[in-house]
Amino acid sequence: MPISPRDRLRLWDAVTGMHPVDAAVRCLAVALPDLDDPAALPLGDRDAALLALRREVVGERLSAQATCPACGERAGVELTVSALLGDMSTDRCWQLEHEGASYEMRALTSRDVAAAVHAGSPEEARAALVRAVLGRAPGEENPDEGMSAAVAASLAEHDRGAEILLACTCAHCGAEWEDVLDVARFVTAEIAHHGVRLLTDVAELARAFGWSEHAILDLPDARRRAYLALTAG
């Protein structure tokens with residue numbers, strides 16, 4: 001079901017000025033009020049829900065940009081939300097076999113990532129995430145490099161949607177590489193941009209016709225665009 005202009009502004013309210021991880025959780029809480037705890041979703045499930053929401057707000061086609069590591073030029077990547085969603089799958093819990101021992105593992109969540117943001121260094125943040133998915137207490141000894149690498153590989157295998165890699169090609173020098181699509185940052189930034197555009201439309205029509213925000217947001221998108229075209233003429 002398409003999202004109404006009023007609901008799109010509520011999403012803009014939810015994401016404006018927030019860290020992308022917090023913005024993603026608040027965005028889903030607003031869009032999916034029946035969802036008990038968006039912060040507890042596995043990252044792959046969270047990002048799949050964000051992409052589905054993005055399709056309703058902005059559309060199916062998605063354009064991203066990446067910087068070529070060889071020459072520094074910007075490269076464009078064109079894809080669809082449906083193609084991304086087709087490659088995403090998530091297991092919530094599973095067994096990790098490492099050096100003859102078996103460990104219970106679970107997928108990372110937004111709550112885990114938000115906690116790691118406040119770590120003192122990238123190494124401490126990585127250790128905090130490993131401890132989280134292994135169910136270890138914060139005060140326990142940090143996992144060694146072998147265990148950390150095994151956990152990272154296992155997460156990539158069992159929560160494929162948590163890290164989306166885009167195949168990029170530079171039109172300038174021909175270099176090929178893979179870049180990570182940060183779904184939370186990308187989608188919440190798009191929703192914020194879309195909200196600002198909608199606010200601009202409201203301000204323009206209010207100046208031109210003296211209508212209230214309430215009345216303007218009740219207009220269907222096509223009707224609102226038609227009135228905007230009249231003000232431009």
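Owing to the predicted nature of the structure, the values given are computational and were not obtained by experimental measurement. The residues of the chain are indexed from 1 along the displayed sequence.
- The nearest pair of heavy atoms linking A162 to L43 is CB-CB, 3.9 Å.
- For the atom pair OG (S63) and CG (L79), the distance works out to 8.0 Å, reported to the nearest 0.5 Å.
- Following chains of ILVMFWY side-chain contacts shorter than 4.5 Å, one cannot reach L32 starting from L9, and the two form parts of different hydrophobic clusters.
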Steps toward side chain to side chain contact (heavy atoms under 4.5 Å, CB included) verdict (M147, Y103): CA-CA 11 Å; M147 172 60 84; Y103 302 88; 3.3 Å; yes
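- Applying the 6.0 Å contact sphere to CZ of R6 captures more than 12 heavy atoms from other residues, nucleotides or ligands.
- Remark: the R61 side chain and the T80 side chain contain no N/O donor-acceptor pair separated by less than 3.5 Å.
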Test log, rule side chain to side chain donor-acceptor pair (under 3.5 Å), inputs T67 and R74: CA-CA 5 Å; T67 301; R74 299 291 286 173; 2.5 Å; yes
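- Remark: the backbone N or O of G59 is paired with a side-chain donor or acceptor of R54 at under 3.5 angstrom.
- In this structure, E204 contributes its side chain and T200 its backbone to no donor-acceptor pair below 3.5 Å.
- Note that CG of L166 is 7.0 Å distant from CG of D179, once rounded to the nearest 0.5 Å.
- The number of heavy atoms from other shown groups lying within 6.0 Å of CG (D144) is above 12.
- Counting heavy atoms from C-beta outward, R160 and T90 have side chains that stay 4.5 Å or more apart.
- Under the 4.5 Å side-chain contact rule for hydrophobic residues, L28 and V58 share a cluster.
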Chi angles and distances behind the side chain to side chain contact (heavy atoms under 4.5 Å, CB included) call for L129, L108: CA-CA 7 Å; L129 293 175; L108 281 170; 3.8 Å; yes
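- Smallest separation of non-hydrogen atoms from S148 and V130: OG-CG2, 4.0 Å.
- Looking at D47, its side chain never comes within 3.5 Å of a backbone N or O of G44 through a donor-acceptor pair.
- Ionic pairing of R225 and D201 is not present here: no N-O contact between side-chain nitrogen and carboxylate oxygen is shorter than 4.0 angstrom.
- Although no hydrogens or angles enter the test, the distance criterion places no donor-acceptor pair under 3.5 Å between the side chain of E104 and the main chain of Q95.
- V113 and V15 are assigned to two separate hydrophobic clusters, defined by single-linkage of ILVMFWY side chains at heavy-atom distances under 4.5 Å.
- Contact annotation: the side chain of V57 approaches that of L53 to within less than 4.5 Å [non-hydrogen atoms, C-beta and beyond].
- Of the residues listed (I164, L62, L51), the one engaging F186 in a side chain to side chain contact (heavy atoms under 4.5 Å, CB included) is L62, and it is the only one.
- Contact check on D7 versus R10 returns a salt bridge, with a Lys/Arg side-chain nitrogen under 4.0 Å from an Asp/Glu carboxylate oxygen.
- Contact annotation: the side chain of V77 never approaches that of Q65 to less than 4.5 Å [non-hydrogen atoms, C-beta and beyond].
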Verdict with supporting geometry, S154 and M105, side chain to side chain contact (heavy atoms under 4.5 Å, CB included): CA-CA 9 Å; S154 189; M105 269 191 67; 3.8 Å; yes
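- Side-chain contact between E60 and S82 is present, with at least one heavy-atom pair separated by less than 4.5 Å.
- Among all heavy-atom pairs drawn from H98 and G146, the shortest one is CE1-O, 3.6 Å.
- R46 contributes no side-chain N or O that, together with a main-chain N or O of A39, makes up a donor-acceptor pair within less than 3.5 Å.
- The heavy-atom pair separating I191 from C27 by the smallest distance is CD1-SG, 3.6 Å.
- Across every non-hydrogen atom of V25 and S110, the tightest pair is CG2-CB, 3.6 Å.
- Judged by distance alone, the side chains of R126 and S121 never bring a donor and an acceptor atom under 3.5 Å apart.
- In terms of heavy atoms, A40 sits closest to T109 at O-CG2, 3.4 Å.
- Expressed to the nearest 0.5 Å, how far CH2 of W211 lies from CZ of R224 amounts to 11.5 Å.
- Here the CH2-CG distance, from W12 to L198, works out to 10.0 Å after rounding to the nearest 0.5 Å.
- Side chain of D91 to main chain of W94: no donor-acceptor pair is present (N/O by atom type, distance under 3.5 Å, no hydrogens or angles).
- With a 4.5 Å cut-off on side-chain heavy atoms, V196 and T16 do not count as touching.
- Within 6.0 Å of the CZ atom in R185, the count of heavy atoms belonging to other residues, nucleotides or ligands does not exceed 12.
- Shown here is E178, whose CD atom has more than 12 heavy atoms of other residues, nucleotides or ligands within 6.0 Å.
- In this structure, R92 CZ and D45 CG are separated by 5.0 Å, a value rounded to the nearest 0.5 Å.
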Worked verdict on R8 versus D221 for salt bridge (Lys or Arg N to Asp or Glu O under 4.0 Å): CA-CA 12 Å; R8 282 178 244 157; D221 286 341; 2.8 Å; yes
Criterion side chain to side chain donor-acceptor pair (under 3.5 Å) on R26 and T188, from CA distance to verdict: CA-CA 10 Å; R26 289 188 61 185; T188 57; over 6 Å; no
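- No continuous path of hydrophobic side-chain contacts links L199 to I3 [ILVMFWY only; heavy atoms under 4.5 Å].
- Both V21 and L155 are members of a single hydrophobic cluster when ILVMFWY side chains are connected at heavy-atom separations under 4.5 Å.
- A donor-acceptor distance shorter than 3.5 angstrom exists from the side chain of R106 to the backbone of A132, with no hydrogens or angles considered.
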Trace of the side chain to side chain contact (heavy atoms under 4.5 Å, CB included) decision for R111 with D37: CA-CA 10 Å; R111 189 167 285 120; D37 188 2; 3.1 Å; yes
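- Summarising the geometry, atom CD belonging to E123 is positioned 10.0 Å from atom CD belonging to E145; distances are rounded to the nearest 0.5 Å.
- Counting only heavy atoms from C-beta outward, the side chains of P143 and R136 approach each other to under 4.5 Å.
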